[in-house]
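The figures that follow rest on heavy atoms only: side chains count, while hydrogens, waters and symmetry mates do not.
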Amino acid sequence: MIDLNLVIGKAYITSDGGWFMDVFNVTDKEGKKIKDEATLTQIEDYIRKSLGADSRYIPSRRRSVDVAAAADHNIIELTGTDRPGLLSEVSAVLTSLKCNVVSAEIWTHNTRAAAVMRVTDEDTGLAVTDAERLERIREKLSYLFRGGNLSRGATVSSRTATTHTERRLHQMMLDDGDYEQLQRQAPGQSQRPNVTVRNWNDKDYSVVTIRCKDRSKLLFDTVCTLTDLQYVVFHANIDAKDNQAYQEFYVRHVNGSPMNTETERLRVIQCLEAAIERRVSEGVKLELCTNDKVGLLSEVTRIFRENSLTVTRAEVTTRGRMAVNTFYVRGSAGEAVDQKAIDSIREAIGHSLQVKGQAEPPEPQKKESPTWFLFANLFRPRSLYSFGFMR
């Protein structure tokens, strides 16, 4: 549901390894029931095309639309060590190489950074096809990511094929090992996700349970990670209420076995924690909607850098002749952004830059009463096993 801007409130997933049945309770992003027939038809068409021709689904009430592979731009993928001003440096290099950034998504997590950028030739507005020029782009960006005394290198690829950007970012950061040696939780910081794994030996399942703060695209992030770790979800119970999410997955490895070692279980837990945290936005949210032009990203990120701000996450898109960009920024040392810096940035960029909000303050630690555990299980979502569905 990620591309349709739908919110999944509850979900039940079951499979016997051949056939499956999934039930999703969804609303729009404002939490309202979807009643528009055109939107419902779009959902049906989207799911039917995603499942493929062998799936049985409600017949579409309109013709499907073919999506052609995009060959009018290059996709550049970057992974490496994060540092203040990195996005500014990358965009400046691309501008110097006569490349225009059409869209980009950048994530940072646990001192690592990953980016998927779609670029075109500044003169033609089409993909760069010259092999020598593509190699020059790779070399300069690789050198940029390896600059200084960085302990880890960079991976740079350039291609013309389409990709699901957010899925690809998860794969890139997973391959880059951003889940390793996670930074310890600082005092006063919000609670990290609670991920547990236990084996149900009678059924040869590993049961993965996740409790964390609910947010948009959470289920997408966790399911993608389990899939990339080569686990198959046979059953699942998903619930979200009062800003809290509960997810329970019954999984086996693609070889048919549950998780057999403590090392395997620990890796799954760390990878799921990282997947949940990657999309958590830290800092002040800034939105820029202005006329698009070559070098815009380089110009804007340079202004951020001059005001001692670093970008923790960014979404850059082009709609017609307009650039619609979202940045999450904080101080270069990780501190909160003060109003003086915001005023300076708006003076340089103009009032097309809007401040949409700040990172939420950490939730106060709740002191649990001695008898809390007596009632906790009455109110948390019930597992499939406790309902008798898994026998």
Side-chain angles (χ1 to χ4, degrees), residues 76-119 136-156 169 172-173 176 178 183 278-288 290 293-317 323 325-350 352-353 355 358-359:
I76 298 177
E77 298 178 348
L78 302 164
T79 55
T81 303
D82 187 29
R83 65 176 184 273
L86 180 60
L87 179 57
S88 174
E89 295 175 25
V90 170
S91 54
V93 166
L94 290 173
T95 299
S96 70
L97 293 170
K98 304 293 183 181
C99 293
N100 182 41
V101 179
V102 177
S103 66
E105 189 150 353
I106 299 93
W107 289 0
T108 64
H109 176 250
N110 193 29
T111 74
R112 306 302 293 165
V116 176
M117 311 180 84
R118 288 170 171 80
V119 302
R136 190 160 59 251
I137 293 171
R138 276 192 287 265
E139 287 178 356
K140 286 188 174 292
L141 290 175
S142 293
Y143 179 80
L144 177 65
F145 267 71
R146 295 192 194 103
N149 296 317
L150 304 180
S151 59
R152 301 165 100 172
T155 301
V156 182
L169 283 165
M172 291 163 60
M173 299 202 86
D176 195 42
D178 75 316
Q183 295 172 340
R278 284 173 197 142
R279 207 192 291 267
V280 174
S281 304
E282 298 179 357
V284 177
K285 180 180 179 181
L286 304 177
E287 289 189 356
L288 175 66
T290 187
K293 64 179 181 180
V294 175
L296 177 64
L297 182 61
S298 176
E299 179 182 332
V300 171
T301 53
R302 174 183 56 78
I303 293 172
F304 290 161
R305 187 178 183 183
E306 290 172 349
N307 284 274
S308 300
L309 299 184
T310 187
V311 177
T312 60
R313 189 160 74 90
E315 298 176 17
V316 177
T317 58
N325 302 339
T326 301
F327 302 96
Y328 292 86
V329 300
R330 61 184 178 185
S332 56
E335 72 276 14
V337 180
D338 59 31
Q339 188 60 44
K340 182 179 179 181
I342 296 297
D343 293 340
S344 177
I345 291 170
R346 294 190 70 181
E347 182 179 352
I349 296 177
S352 55
L353 182 73
V355 181
Q358 296 185 345

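You'll find the side chain of Phe304 stays beyond 4.5 Å of the side chain of Leu87, heavy atoms only. For the pair Arg313 and Arg279, the minimum side-chain heavy-atom distance is below 4.5 Å. Annotation: side chain of Val300 is not in contact with side chain of Asn325 (no heavy-atom distance under 4.5 Å). Considering only heavy atoms from C-beta on, Ile76 comes within 4.5 Å of Leu94 through its side chain. A 4.5 Å side-chain heavy-atom check between Glu299 and Arg302 finds at least one atom pair inside the cut-off. In this structure the side chain of Ile303 reaches within 4.5 angstrom of the side chain of Ile349, judged on heavy atoms. Side chains of Arg330 and Thr310 form a contact here, defined as non-hydrogen atoms less than 4.5 Å apart. Inter-residue side-chain proximity for Leu297 and Met117 is flagged as met; some heavy-atom pair is nearer than 4.5 Å.
Without hydrogens or angle criteria, Thr95 side chain to Ser91 main chain gives a donor-acceptor distance under 3.5 Å. Judged purely by atom type and a 3.5 angstrom limit, Ser96 uses its side chain to pair as donor or acceptor with the backbone of Val93. Panel note: side chain Asp178, backbone Asn110; no donor-acceptor pair is recorded below 3.5 Å. Remark: the backbone N or O of Tyr328 is paired with a side-chain donor or acceptor of Thr312 at under 3.5 angstrom.
Taking each heavy atom of Ser103 and Thr317 in turn, the nearest pair found is CB-CA, 4.3 Å. Taking every heavy atom of both residues into account, Ala114 and Thr79 meet most closely at CB-CG2, 4.0 Å. Here the closest heavy-atom approach between residue Ala92 and residue Ser298 is recorded as CA-OG, 3.5 Å. Residues Ile137 and Cys99 share a closest heavy-atom pair of CD1-SG, 3.6 Å.
Rounding to the nearest 0.5 Å gives a distance of 11.5 Å between CZ of Arg138 and CD of Glu77.
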- prompt: Between Val90 and Thr301, is a side-chain contact (heavy atoms from CB on, under 4.5 Å) present by the stated rule, with each step listed?
  reply: CA-CA 10 Å; Val90 170; Thr301 53; over 6 Å; no
